[in-house]
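Notes follow once the structure below has been shown.
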Amino acid sequence: MLPGLAAAVAAHRCSWSSLCRLRLRSRAAARGPSDRQEWQNLVTFGSFSNMVPCTHPYIGTLSQVKFYSTNVRKEGQGSQTLRVEKVPSFETAEDIGAELKAPLKQEPLQVRVKAVLKKREYGSKYTQNNFITGVRAINEFCLKSSDLEQLRKIRRRSPHEDTESFTVYLRSDVEAKSLEVWGSPEALAREKKLRKEAEIEYRERLFRNQKILREYRDFLGNTKPRSRTASVFFKGPGKVVMVAICINGLNCFFKFLAWIYTGSASMFSEAIHSLSDTCNQGLLALGIRKSVQTPDPSHPYGFSNMRYISSLISGVGIFMMGAGLSWYHGVMGLLHPQPIESLLWAYCILAGSLVSEGATLLVAVNELRRNARAKGMTFYKYVMESRDPSTNVILLEDTAAVLGVIIAATCMGLTSITGNPLYDSLGSLGVGTLLGVVSAFLIYTNTEALLGRSIQPEQVQRLTELLENDPSVRAIHDVKATDLGLGKVRFKAEVDFDGRVVTRSYLEKQDFDQMLQEIQEVKTPEELETFMLKHGENIIDTLGAEVDRLEKELKKRNPEVRHVDLEIL
């Protein structure tokens, strides 16, 4: 009987080994890659019958069987944890048979699907959500005001300081309406072409007729009223320039009479000097008149630089006309000296010129001191930086005129005392050199101003601190503050806004109960997208309102700042 029992035990051992392999493979499939490899190593290590402890040479008790394996984890270098799994014990062969017949248990496979919003492709050109104004809709899509009344109207924050909000239309609605009115894109394109040709013809007629052009500009508000243009010559730099023109014109007339009577080279230089001053001051008056014009589409920042341009031309004129002719006449006097007639009338005219030029100089000095005091600058610094180019030119020209009169009178006196006409020619060279120095200074300072000069560092620091002290601003970068002339400043900066503060500013204006209700109603990704798009657009509008608020605050605290460009970083 023992051989039969041994054969039965051997058959059970083989069946049990197969069962364990099947269960190990099932568990390895449900585990990770590392655990699966570990179970495979355990299966291929050898027969399970060799691992079962036997107390009898023919049969072993399967009451306590344990399988051991090592599981290496990254808890530290070389660390290992021992995992022990206990296999159910079997007392009899019937238990083994029942276990073999039992179905294998499989753990359910759980797959978690992440909801992802599908990316929308907009293409290289997407204008369906664009807003356009009523004027643009009428001009570009050939519509009438009555056509726009049927479209949806949207109130948006206005970019202009004088209005809080304005009405815009969806571009898609306007395009659909234009197709409805004109029937097809081809018909709309033909109408646009006809209107463009009519506009070009109309503009050509305007440029041919200056009177119609002036009426057209007055109708659109592109120029200042005539009364305001004329008023600039009764105060400030305009008043100084007009006084200088009148005085220098009279001095030029009398100096030419004295030169014709005496033939003095120094008197000729002074007459040329007064003539150049009168012409240059006429250029300054033209520049002042042009600089007060209102900005137009071709010149969005205005014409304030015309004062610097006229002053630059004035400096070039002084150099070429005043210094050049004075040097020429002085050299000719040295090479071909001529006897000089009585200088009595010349002295009288020079004395009158000294008084009149001194009076003009005093007017210019008082005007510059008043402007420097208003800017918080010293008189010397204000003149050297050419903050007021027109008055600056008058100051330098009148200073040169006073010094020129002194030089001319001195040289003429030496000539009358010694009888040597060479002193008079040297006086002409001296006046020419003085005019050359003045013209070089004017050319340099006005060129610097036209190139785009920064304002004072203290003023830039004050503007920067005003922005940095605002709670919605994290940092300021790339600050540029340029003097546009006439006390106008353009300020530009890259601003890093605090998104949390901007969002909180938006939330403070919302109804939290309604917002919570909207959040609770969100069940699908589509509803979540709608919710986020609604409030995201409102937060962007809040950020734009913050930019407008900072720009208004800068202009309010610093009246000289006329143009502010805050770029979101």
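Throughout, residue positions are numbered sequentially from 1 according to the sequence presented. No experiment lies behind these values; they were computed from the predicted model shown.
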>> With salt bridge (Lys or Arg N to Asp or Glu O under 4.0 Å) as the criterion, how do Arg549 and Glu546 come out once you've worked through the C-alpha distance, each side chain's angles and the decisive distance to 0.1 Å?
In response: CA-CA 5 Å; Arg549 179 182 62 83; Glu546 288 293 318; 2.7 Å; yes
> Can Leu554 and Leu467 be said to form a side-chain contact (heavy atoms from CB on, under 4.5 Å), step by step?
Replying inline: CA-CA 8 Å; Leu554 282 174; Leu467 290 177; 4.0 Å; yes
>> With side-chain contact (heavy atoms from CB on, under 4.5 Å) as the criterion, how do Leu286 and Ser310 come out once you've worked through the C-alpha distance, each side chain's angles and the decisive distance to 0.1 Å?
In response: CA-CA 8 Å; Leu286 180 63; Ser310 61; over 6 Å; no
>> Assess the residue pair Ile443 and Val316 against the criterion (side-chain contact (heavy atoms from CB on, under 4.5 Å)); give the C-alpha distance rounded to whole Å, side-chain angles, the decisive distance to 0.1 Å, and a yes or no.
In response: CA-CA 7 Å; Ile443 293 172; Val316 175; 3.9 Å; yes
> When you look at Lys492 and Asp478, which way does the salt bridge (Lys or Arg N to Asp or Glu O under 4.0 Å) test go after all the steps?
Replying inline: CA-CA 8 Å; Lys492 177 262 178 186; Asp478 193 23; 2.6 Å; yes
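Between Leu250 and Ser356 there is no side-chain heavy-atom pair separated by less than 4.5 Å.
Between the side chain of Ser291 and the backbone N or O of Met306, no donor-acceptor pair lies under 3.5 Å. Here the side chain of Ser428 pairs no donor or acceptor atom with the backbone of Asp424 at under 3.5 angstrom. Listed for the Ser505 side chain is no donor-acceptor partner under 3.5 Å among the backbone atoms of Val501. Looking only at distances, no side-chain donor or acceptor of Asp147 sits under 3.5 Å from a matching main-chain atom of Leu143. Remark: side-chain polar atoms of Ser178 are paired, donor with acceptor, to backbone N or O of Glu175 under 3.5 angstrom.
Of all heavy-atom pairs between Ser454 and Val460, the closest is OG-CG2, 4.4 Å. Residues Val564 and Glu551 approach most closely at O-OE2, 3.4 Å, considering heavy atoms. Closest heavy-atom contact between Ala493 and Val479: CB-CG2, 4.1 Å. Smallest separation of non-hydrogen atoms from Ser145 and Ile138: OG-CD1, 3.8 Å.
Looking at residues two or more places apart in sequence or on another chain, you find a side-chain contact (heavy atoms from CB on, under 4.5 Å) between Glu458 and Gln456. Phe491 pairs by the ring-ring contact (aromatic ring centres under 6.0 Å, His included) definition with nothing, not counting sequence neighbours. Residues passing the side-chain contact (heavy atoms from CB on, under 4.5 Å) test with Leu403 are Thr399, Leu434, sequence neighbours excluded. The side-chain contact (heavy atoms from CB on, under 4.5 Å) check on Lys556 picks up nothing, with sequence neighbours excluded.
No salt bridge links Lys488 with Asp483; every basic N to acidic carboxylate O contact stays at or beyond 4.0 Å. A salt bridge does not link Glu199 to Arg195: none of the charged nitrogens lies less than 4.0 Å from a carboxylate oxygen.
The stretch residues 462-481 participates, sequence neighbours left out, in no ring pair (Phe, Tyr, Trp, His ring centres under 6.0 Å) pair at all. Evaluation of the ring pair (Phe, Tyr, Trp, His ring centres under 6.0 Å) test over residues 547-569, restricted to residues two or more places apart or in two chains, returns Tyr301-His563.
Judged purely by distance below 3.5 Å, without hydrogens or angles, the side chains of Ser274 and Asn251 never pair a donor atom with an acceptor atom.
Atom OH of Tyr444 has 12 or fewer neighbouring heavy atoms from other residues, nucleotides or ligands inside a 6.0 Å radius. The number of heavy atoms from other shown groups lying within 6.0 Å of CZ (Phe497) is above 12. For Phe253, the CZ atom counts as loosely surrounded, since its 6.0 Å shell holds 12 or fewer non-hydrogen atoms of other residues, nucleotides or ligands.
With values rounded to the nearest 0.5 angstrom, Ser311 atom OG is found 11.0 Å from Asn305 atom CG. Rounding to the nearest 0.5 angstrom, the gap separating the CD1 atom in Ile309 from the CZ atom in Arg307 is 13.0 Å. Note: Leu543 CG to Asp548 CG = 10.0 Å, rounded to the nearest 0.5 Å.
Classification of the Phe268-Phe256 ring pair by plane angle, with boundaries at 30° and 60°, yields perpendicular.
Applying side chain to side chain donor-acceptor pair (under 3.5 Å) to Arg156 and the options Thr167, Asp541, Thr133 leaves one that passes, Asp541.
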